[in-house]
Amino acid sequence: MGKQEDTRERVLDLMEELEVGRAIPSERQLSGQLGVSRLTVRAALDELVLDGYLERRHGSGTYVTEPKIAQPLSLTSFSDDMRRRGMSPGSRTLELATTVAGARLAHRLGVSQEARLVRVNRLRLADSKPMAMEVLHVPEVLVPGLTRADFEDHSFYELLRTRYAIVIASGTQTIEPTVTNEEESEVLGVPLHTPAFLFERTTVSESGRTVEFVRSIYRGDRYRLVADLVPQRSRNGRSAGAPETATAAKANQRGDQTNGVSKTRRIQST
């Protein structure tokens, strides 16, 4: 292990003893404490800031940030994920409107270009803090009477099941790195062009009907992607090579960031 990597790990160990929002020792103090040059310390801290573990505040110092939330590449509920982590989930409806599908959304949803869609823009929250911005499109014929209040702190999939007798059975999701635009930055409360994850998902009901197309922007400073790995098997049952994700997702991950596109046949509930 090189000096910079070793220094990074030792700083991470030090951060385990500090509360979120506490300042870490200065570069000069860390240099003396760890027995490495300030240049090595600065390079390690730069990497930790880039990965979202630390935050630099001009004229003040470097502070421990909130831990990232593990985002599994599987069928999970945002609300359940937050509750399992001791956080209170929430949802704020920013917009609910009807629109004509057009060519792109018609292709995604398997409807005519003239079909009416319900478009819902909502902010996903955990402990009242913005986590993701989500734009959902669903054919209006499937969800008559849908209102803004239906999305306030409720699971859409649970609403589909209980009110409309629609049960989500499968889906396709893609994930890629991006940066926030002006609207997304304002809604999520982050600087313009903050690193983020772009999720695009279509889901299918038990009857085989495409139900929704969702485009979500997740804050890169609060999320990391997690995938279970299993050996890929050949037809004779033997291992055919390096492990791949159980969902057939292929992601080139570095720390908490992803540099490629991940595709999975499983989905995240909303």
Side-chain angles (χ1 to χ4, degrees), residues 71 73-79 91-125 131-188 196-218 247-251 260-270:
Q71 176 65 46
L73 300 179
S74 60
L75 178 59
T76 60
S77 163
F78 176 90
S79 297
S91 180
R92 184 184 308 157
T93 306
L94 306 176
E95 175 195 33
L96 188 148
T98 58
T99 183
V100 176
R104 186 179 69 90
L105 290 173
H107 175 73
R108 294 273 193 172
L109 291 166
V111 297
S112 71
Q113 296 188 27
E114 294 75 30
R116 301 293 297 180
L117 305 179
V118 176
R119 182 181 69 235
V120 183
N121 187 348
R122 60 177 176 166
L123 176 63
R124 308 310 301 267
L125 307 164
M131 292 290 169
M133 176 180 169
E134 174 184 283
V135 180
L136 176 153
H137 288 89
V138 58
E140 186 178 32
V141 67
L142 296 181
V143 288
L146 198 63
T147 68
R148 291 171 63 107
D150 291 328
F151 287 90
E152 297 290 335
D153 301 327
H154 292 94
S155 165
F156 179 51
Y157 290 176
E158 182 67 16
L159 178 68
L160 287 174
R161 185 184 65 81
T162 57
R163 182 185 298 179
Y164 300 106
I166 297 173
V167 178
I168 299 299
S170 64
T172 301
Q173 181 164 272
T174 65
I175 308 167
E176 59 184 289
T178 187
V179 294
T180 56
N181 60 26
E182 290 185 4
E183 179 187 7
E184 294 158 353
S185 299
E186 181 179 356
V187 170
L188 294 173
F197 292 115
L198 167 62
F199 287 68
E200 290 190 340
R201 179 178 72 249
T202 56
T203 56
V204 179
S205 69
E206 289 183 335
S207 66
R209 175 73 182 265
T210 300
V211 176
E212 62 167 356
F213 170 66
V214 186
R215 184 182 188 276
S216 304
I217 297 292
Y218 281 79
T247 58
K250 296 182 179 180
V261 177
S262 172
K263 297 184 178 180
T264 174
R265 294 301 301 179
R266 289 191 277 178
I267 53 176
Q268 179 191 3
S269 302
T270 58

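- Ring-plane geometry between Tyr218 and Phe199 is classed as tilted, the angle between the planes lying from 30 to 60 degrees on a 0 to 90 degree scale.
- Checked by atom type and distance alone, the side chain of Glu184 pairs as donor or acceptor with a backbone atom of Asn181 at under 3.5 Å.
- For the side chain to side chain contact (heavy atoms under 4.5 Å, CB included) test with Val138, the passing option among Leu117, Ile166, Val118 is Val118; the others fail.
- Proximity of Ser216 to Arg124: side-chain heavy atoms (C-beta onward) are nowhere separated by under 4.5 Å.
- Considering only heavy atoms from C-beta on, Leu198 comes within 4.5 Å of Ile217 through its side chain.
- Inter-residue side-chain proximity for Glu183 and Asn121 is flagged as met; some heavy-atom pair is nearer than 4.5 Å.
- Looking only at atom types and distance, the side chain of Thr202 has no donor-acceptor partner in the side chain of Arg108 under 3.5 Å away.
- Formation of a donor-acceptor pair under 3.5 Å by the Arg148 side chain with backbone atoms of Thr93 is found in this model.
- Taken from CZ in Arg92 to CD in Glu152, the straight-line distance is 8.5 Å, to the nearest 0.5 Å.
- Atom OG1 of residue Thr180 and atom CD of residue Glu186 lie 11.5 Å apart, to the nearest 0.5 angstrom.
- The salt bridge (Lys or Arg N to Asp or Glu O under 4.0 Å) with Arg119 is formed by just one residue from the set Glu212, Glu134, Glu95; it is Glu95.
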Inset, instruction - Report the C-alpha separation of Phe156 and Val120 in whole Å, then their side-chain angles, then the decisive distance to 0.1 Å, and conclude whether the side-chain contact (heavy atoms from CB on, under 4.5 Å) test is met. - result: CA-CA 11 Å; Phe156 179 51; Val120 183; over 6 Å; no
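- Here Arg201 contributes atom CZ and Thr174 contributes atom OG1; the two are 10.5 Å apart, rounded to the nearest 0.5 Å.
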Legend entry - Pair Val143-Leu160, side-chain contact (heavy atoms from CB on, under 4.5 Å): steps then yes or no: CA-CA 8 Å; Val143 288; Leu160 287 174; 3.8 Å; yes
Inset, instruction - Walk me through it: do Arg116 and Val111 pass the test side-chain contact (heavy atoms from CB on, under 4.5 Å)? - result: CA-CA 9 Å; Arg116 301 293 297 180; Val111 297; over 6 Å; no
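- Here the shortest heavy-atom pairing between Ala101 and Ser112 reads CB-O, 3.6 Å.
- When side chains are defined from C-beta on, Arg163 counts as touching Asp150, because their heavy atoms get closer than 4.5 Å.
- The side-chain heavy atoms of Tyr164 and Leu146, taken from C-beta on, include a pair separated by under 4.5 Å.
- Here the shortest heavy-atom pairing between Met131 and Leu188 reads C-CD2, 4.1 Å.
- Of all heavy-atom pairs spanning Arg209 and Leu142, the tightest one is NH1-CD2, 3.8 Å.
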